[in-house]
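Source: prediction; values computed, not measured. Indexing begins at 1, ligand by ligand and atom by atom, following the structure's order. Starting from 1, each residue takes its place in the sequence as its number.
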Amino acid sequence: MKWQIENKYRRLEDVGQEEIDGLISRVDRCPWRQTYHIQPISGLLNDPNGFSFYNGEYHLFYQWHPLGPIHGLKYWYHTKSKDLVNWDNVGIGLRPDTYFDSHGAYSGSSIEHNGKLHLFYTGNSRNEHLVRHPYQCIAVLDQHGEIKKLEQPVIDEVPKGYTEHFRDPKVWKDGEQFYAVIGAQRTNETGCSVLYSSPDLLEWNFEGEIKTQLDDFGYMWECPDYFEIDNHGIFIFSPQGIEPVGDYYQNIYQSGYVLGEKLDLVGKELKHGNFIELDRGFDFYAPQTMKDPKGRRLLVGWMGLPDIEYPTDPNGWSHCLTVPRELSIENNKLMQRPVPELQSLRKREIKVVDTVINETKTYDGFSGTAYELFCEFENVDAAEFGIEFRAGEVEKTVIKYDAVQRKVILDRSLSGKKVGEDYGTERKCEINAKKFKFHLFVDSSSVEIFVNDGGEVFTSRIFPNINSKEIRLFAKGGCTEFKAVKWDF
Ligand code: FRU
């Protein structure tokens with residue numbers, strides 16, 4: 001136990017270069033390294049943090065444990081981009097090197113103020129008995145790229161009625177006032193979120209708990225995020241402890257939103273509809289949004305989940321971030337679309353228009369390990385139709401529509417190396433439509449599938465053999481017409 005704890009909290013600064021070089025060369029030999037997703041140079045990546053646009057560039061940090069694929073001591077790793085597509089690794093953003101963040105610089109957000117980007121994060125500290133105490137801290141990034149922490153936390157206490165599970169501040173500005181939501185656990189071990197306000201990002205006032213209709217909904221709410229689109233209030237959070245119901249809540253932890261009226265900042269009340277999962281795939285958690293200079297609300301998520309082993313672990317790394325998605329509200333529903341900037345990745349284009357009748361077909365050039373594929377199905381009378389991809393002799397990942405169940409189904413039972421099988425190998429989502437559009441972003445070890453213009457998204461890691469490259473179209477129990485376009489990346 002003692003060894004495990006010491007090992008868990010090992011610091012990058014205390015490890016010799018030889019060990020780091022060895023780890024990185026193990027990572028570099030991994031066949032599942034991604035080609036266009038943000039991934040760690042070594043160790044474990046989790047939540048996106050501090051997503052923002054500052055000084056002419058997008059900044060995106062993430063939770064990082066450098067020394068192996070475990071949830072050890074957490075740093076913020078800093079990446080930046082001019083176009084949301086090509087990301088530069090800047091290096092460590094925050095080190096857990098003060099009394100207040102001694103056991104991890106945990107998740108948080110950022111906002112520009114007085115010409116500087118203010119990073120607002122949770123300092124996770126533990127005392128000699130390993131009792132946790134969270135501090136909410138600020139660090140400031142200036143125009144030269146230098147990051148300096150404030151000496152004292154800006155919130156050093158957990159308000160009465162909440163446990164030490166109190167973290168992940170998400171900050172925004174409304175008029176002249178700053179606000180932040182923080183993920184919390186009540187002392188009766190139910191999850192919620194609380195609201196703070198500040199005139200200057202330094203003095204923070206506890207406004208109280210955000211009143212929702214989800215009083216007893218899991219034991220902890222992580223990574224809350226509040227924003228507005230077209231006069232709607234949207235509150236995203238990642239509740240833990242929700243039991244599966246039918247096709248819902250099938251992953252170990254959830255991540256979703258409620259849509260409603262704008263948050264009443266005085267009454268702290270959010271009037272909202274049902275909790276809706278943001279993603280229907282296997283690996284998606286702790287997303288964060290930002291508003292960019294074009295006025296778009298952009299979202300990035302962690303393409304992974306806590307407490308699950310991944311096949312890249314033996315290679316010394318795990319997880320990546322999703323591609324950025326643009327959010328909009330259409331017919332009272334949150335839509336998610338890949339940002340158009342991703343089109344700059346497109347190289348060779350291949351188009352196929354065909355009808356498949358009780359068969360599975362392959363096409364010239366329809367293969368690969370990193371590409372975008374857009375496929376529209378029409379005039380369907382098949383009982384089942386869809387796409388097999390990253391397919392080989394035995395392996396395949398399948399996205400299909402089952403017209404009998406009226407469900408879109410992602411099946412990764414034959415995707416390659418197993419992952420998270422205890423939580424099932426299929427994800428299903430009921431959709432009633434006549435036309436189906438499947439828009440896939442495939443990388444060496446992942447797929448993001450935007451269904452019907454982003455009404456639903458299935459995000460998943462997959463771990464196939466590098467030779468499993470085929471793309472096949474199929475129909476069973478009838479036929480379907482389809483039009484497909486594929487772009488190599
Ligand atoms: C979510 C989370 C956050 C926390 C961070 C620690 O995945 O548990 O609540 O701040 O990860 O890495």
Side-chain angles (χ1 to χ4, degrees), residues 8-12 40 43-51 60-78 92-96 100-110 119-126 132-139 153 155 158 162-171 180-185 189 191-194 218-225 236-242 251-256 278-279 283-289 299-308 310 317-322 420 459 461:
K8 181 169 171 183
Y9 290 114
R10 272 194 333 154
R11 327 180 61 79
L12 187 55
L44 180 140
L45 165 157
N46 56 303
D47 318 353
N49 293 156
F51 190 19
L60 181 49
F61 301 79
Y62 57 79
Q63 285 286 283
W64 185 45
H65 177 65
L67 294 173
I70 57 163
H71 285 272
L73 195 59
K74 294 290 170 68
Y75 294 62
W76 276 38
Y77 193 88
H78 186 188
I92 292 171
L94 296 174
R95 290 171 196 274
F100 304 107
D101 56 21
S102 60
H103 287 65
Y106 273 13
S107 283
S109 53
S110 68
L119 316 178
F120 192 13
Y121 70 102
T122 300
N124 180 48
S125 76
R126 288 181 187 266
R132 192 198 288 267
H133 186 85
Y135 294 97
Q136 314 309 319
C137 308
I138 293 230
I155 302 173
V158 173
Y162 303 94
T163 73
E164 70 286 0
H165 289 288
F166 193 81
R167 55 178 174 265
D168 312 337
K170 176 75 197 309
V171 60
V181 282
I182 296 184
Q185 180 183 60
E189 294 189 1
C192 66
S193 179
V194 299
Y219 58 81
M220 171 65 191
W221 291 6
E222 296 189 312
C223 302
D225 191 346
I236 289 182
F237 59 106
S238 294
Q240 299 187 312
I242 309 295
N251 295 333
I252 180 169
Y253 302 125
Q254 271 51 64
S255 148
L278 270 163
D279 198 281
D283 307 281
F284 183 87
Y285 195 65
Q288 187 173 88
T289 73
L299 175 145
V300 168
W302 169 24
M303 214 192 301
L305 283 166
D307 305 331
I308 288 187
Y310 281 76
W317 74 286
S318 47
H319 310 306
C320 61
L321 298 180
T322 66
T459 299
R461 299 302 300 279

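In summary, the side chains of N49 and Q63 do present a donor paired with an acceptor at a separation below 3.5 Å, with no hydrogens or angles considered. Between the side chains of Q240 and Y285, a donor-acceptor pair is found at a separation under 3.5 Å. For the residue pair Y253/D307, the side-chain donor-acceptor check at 3.5 Å is satisfied.
In this structure, D279 contributes its side chain and F284 its backbone to no donor-acceptor pair below 3.5 Å. Side-chain N or O atoms of T122 include none that pairs as donor or acceptor with a backbone N or O of Q136 at under 3.5 Å.
K74 pairs by the salt bridge (Lys or Arg N to Asp or Glu O under 4.0 Å) definition with nothing, not counting sequence neighbours.
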Ligand-protein N/O pairs under 3.5 Å (ligand 1):
from: ligand 1; atom 1: 7 (O); to: D47; atom 2: OD1; distance (Å): 2.7
from: ligand 1; atom 1: 7 (O); to: D47; atom 2: OD2; distance (Å): 3.4
from: ligand 1; atom 1: 8 (O); to: E222; atom 2: OE2; distance (Å): 2.8
from: ligand 1; atom 1: 9 (O); to: R167; atom 2: NE; distance (Å): 2.7
from: ligand 1; atom 1: 9 (O); to: D168; atom 2: OD1; distance (Å): 3.4
from: ligand 1; atom 1: 9 (O); to: D168; atom 2: OD2; distance (Å): 2.7
from: ligand 1; atom 1: 9 (O); to: E222; atom 2: OE2; distance (Å): 3.0
from: ligand 1; atom 1: 10 (O); to: S107; atom 2: N; distance (Å): 3.1
from: ligand 1; atom 1: 10 (O); to: D168; atom 2: OD1; distance (Å): 2.5
from: ligand 1; atom 1: 11 (O); to: N46; atom 2: ND2; distance (Å): 3.2
from: ligand 1; atom 1: 11 (O); to: D47; atom 2: OD2; distance (Å): 3.1
from: ligand 1; atom 1: 12 (O); to: N46; atom 2: ND2; distance (Å): 3.0
from: ligand 1; atom 1: 12 (O); to: Q63; atom 2: OE1; distance (Å): 2.7
from: ligand 1; atom 1: 12 (O); to: K74; atom 2: NZ; distance (Å): 3.0

